[in-house]
Amino acid sequence: MAIRRVMLSLALAGTLAGCAPHDAARTATCAAQNQMMQTTLYFGLNRPAGPVITAGEWQQFVDNDVTPRFRDGLTVFDTRGQWLGNDGKVAREPGKALMLIHGNDSASEKGIEALRGIYKSRFAQESVMRVDQGVCVQF
């Protein structure tokens, strides 16, 4: 069932992202200094037992855990997710998505995995979904 949940979540994430067709010409012309990674992390706000994770708790996580690791910037948006639970019922919950644009380096990888672990531990979460893709970034 966990694989099914991941596949359904990925399909939902693709739908939310708009699924624009791959533009090979644009990717091929992306200058090396503009090539970066985009990682989007999906955080559920329901706890298995107890109250929903509050706006204050979420902001504290962003301020104390995310920002020190990704000082260059980040984007957060509200989500509504659903998946088929082990009991055969559709489970729904509010969530947050955290989008990071970063270099393809070990420091970024370490920071992202630290965030996933901290959130799962602190808020008793089973998982934090991660979606990565290469992007061409210009400011």
Side-chain angles (χ1 to χ4, degrees):
M1 287 299 188
I3 292 173
R4 180 183 241 174
R5 182 182 313 170
V6 169
M7 295 304 291
L8 289 171
S9 296
L10 287 174
L12 176 62
T15 300
L16 292 174
C19 293
H22 179 69
D23 184 347
R26 183 177 173 123
T27 302
T29 62
C30 185
Q33 68 271 19
N34 295 342
Q35 295 174 16
M36 300 188 79
M37 292 297 296
Q38 175 180 310
T39 298
T40 306
L41 301 175
Y42 294 86
F43 302 88
L45 294 177
N46 288 349
R47 297 178 212 248
V52 171
I53 297 162
T54 67
E57 288 172 311
W58 169 259
Q59 193 59 53
Q60 186 175 31
F61 171 71
V62 170
D63 292 345
N64 296 339
D65 299 297
V66 180
T67 301
R69 288 173 174 85
F70 294 94
R71 298 189 77 69
D72 288 341
L74 55 100
T75 300
V76 174
F77 48 95
D78 294 325
T79 65
R80 294 263 334 141
Q82 69 180 48
W83 65 91
L84 185 61
N86 291 333
D87 59 3
K89 296 179 182 176
V90 174
R92 294 179 175 92
E93 77 177 301
K96 297 283 188 182
L98 171 65
M99 183 188 303
L100 303 166
I101 305 296
H102 58 88
N104 190 9
D105 55 60
S106 61
S108 295
E109 179 66 23
K110 184 177 176 182
I112 290 165
E113 287 305 308
L115 294 176
R116 294 176 75 210
I118 291 165
Y119 193 84
K120 289 189 288 187
S121 175
R122 184 174 300 158
F123 299 113
Q125 298 293 298
E126 183 178 309
S127 65
V128 171
M129 187 172 76
R130 175 180 176 168
V131 178
D132 295 299
Q133 65 185 35
V135 293
C136 186
V137 178
Q138 297 177 5
F139 293 96

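- A search for side-chain contact (heavy atoms from CB on, under 4.5 Å) contacts involving P48 returns A124, Q125, not counting sequence neighbours.
- Linking Ile, Leu, Val, Met, Phe, Trp and Tyr residues whenever their side-chain heavy atoms come within less than 4.5 Å leaves M36 and I112 in two separate clusters.
- Among residues two or more places apart in sequence or in another chain, the side chain to side chain donor-acceptor pair (under 3.5 Å) test is passed with D65 by R122.
- D72 pairs by the side chain to side chain donor-acceptor pair (under 3.5 Å) definition with nothing, not counting sequence neighbours.
- Using modelled atom types, one side-chain atom of Q35 and one backbone atom of C30 make a donor-acceptor pair closer than 3.5 Å.
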Between F61 and L115, does a side-chain contact (heavy atoms from CB on, under 4.5 Å) hold up when you go through it step by step?
CA-CA 9 Å; F61 171 71; L115 294 176; 4.2 Å; yes
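- Counting heavy atoms of neighbouring residues, nucleotides and ligands inside a 6.0 Å radius, atom CG of N34 exceeds 12 of them.
- Shown here for H102 and S108, the closest heavy-atom pair between the two residues is ND1-CB, 3.4 Å.
- For the pair F70/L98, no side-chain contact is recorded, criterion being any heavy-atom separation below 4.5 Å from C-beta on.
- The side chain to side chain donor-acceptor pair (under 3.5 Å) test applied to D78 returns K96, not counting sequence neighbours.
- What you find for G44 and I53 is that their closest heavy atoms are O-CD1, 3.8 Å.
- Residue pairs meeting the ring-ring contact (aromatic ring centres under 6.0 Å, His included) criterion with at least one partner in residues 120-139, sequence neighbours excluded, are Y119-F123.
- Of all heavy-atom pairs spanning K89 and D87, the tightest one is N-OD1, 2.9 Å.
- Of all non-hydrogen atoms in V52 and L45, the two that sit nearest each other are CG1-O, 3.3 Å.
- Residues satisfying the side-chain contact (heavy atoms from CB on, under 4.5 Å) criterion with Q133, sequence neighbours excluded, are Q38, V135.
- Across every non-hydrogen atom of L100 and G73, the tightest pair is CD2-O, 4.4 Å.
- Both L74 and W58 are members of a single hydrophobic cluster when ILVMFWY side chains are connected at heavy-atom separations under 4.5 Å.
- Listed by first and then second residue, the salt bridge (Lys or Arg N to Asp or Glu O under 4.0 Å) pairs involving residues 34-44 amount to none (not counting sequence neighbours).
- With sequence neighbours left out, T75 forms a side-chain contact (heavy atoms from CB on, under 4.5 Å) with F77, M99.
- Contacts classified as salt bridge (Lys or Arg N to Asp or Glu O under 4.0 Å) and involving residues 36-64 (residues at least two apart or in different chains) are given here: R47-E57.
- Clustering ILVMFWY residues whenever any of their side-chain heavy atoms sit less than 4.5 angstrom apart, transitively, puts I118 in the very cluster that holds V66.
- Legend: salt bridge (Lys or Arg N to Asp or Glu O under 4.0 Å) pairs involving residues 103-118, not counting sequence neighbours, sorted by first then second residue: E109-R130, E113-R116, E113-R130.
- If you take CD on Q82 and CD on E93, they are separated by 11.0 Å, rounding to the nearest 0.5 Å.
- Linking ILVMFWY side-chain heavy atoms closer than 4.5 Å, directly or via other members, places Y42 and V76 in two distinct hydrophobic clusters.
- What you find for A114 and R69 is that their closest heavy atoms are CB-NE, 3.6 Å.
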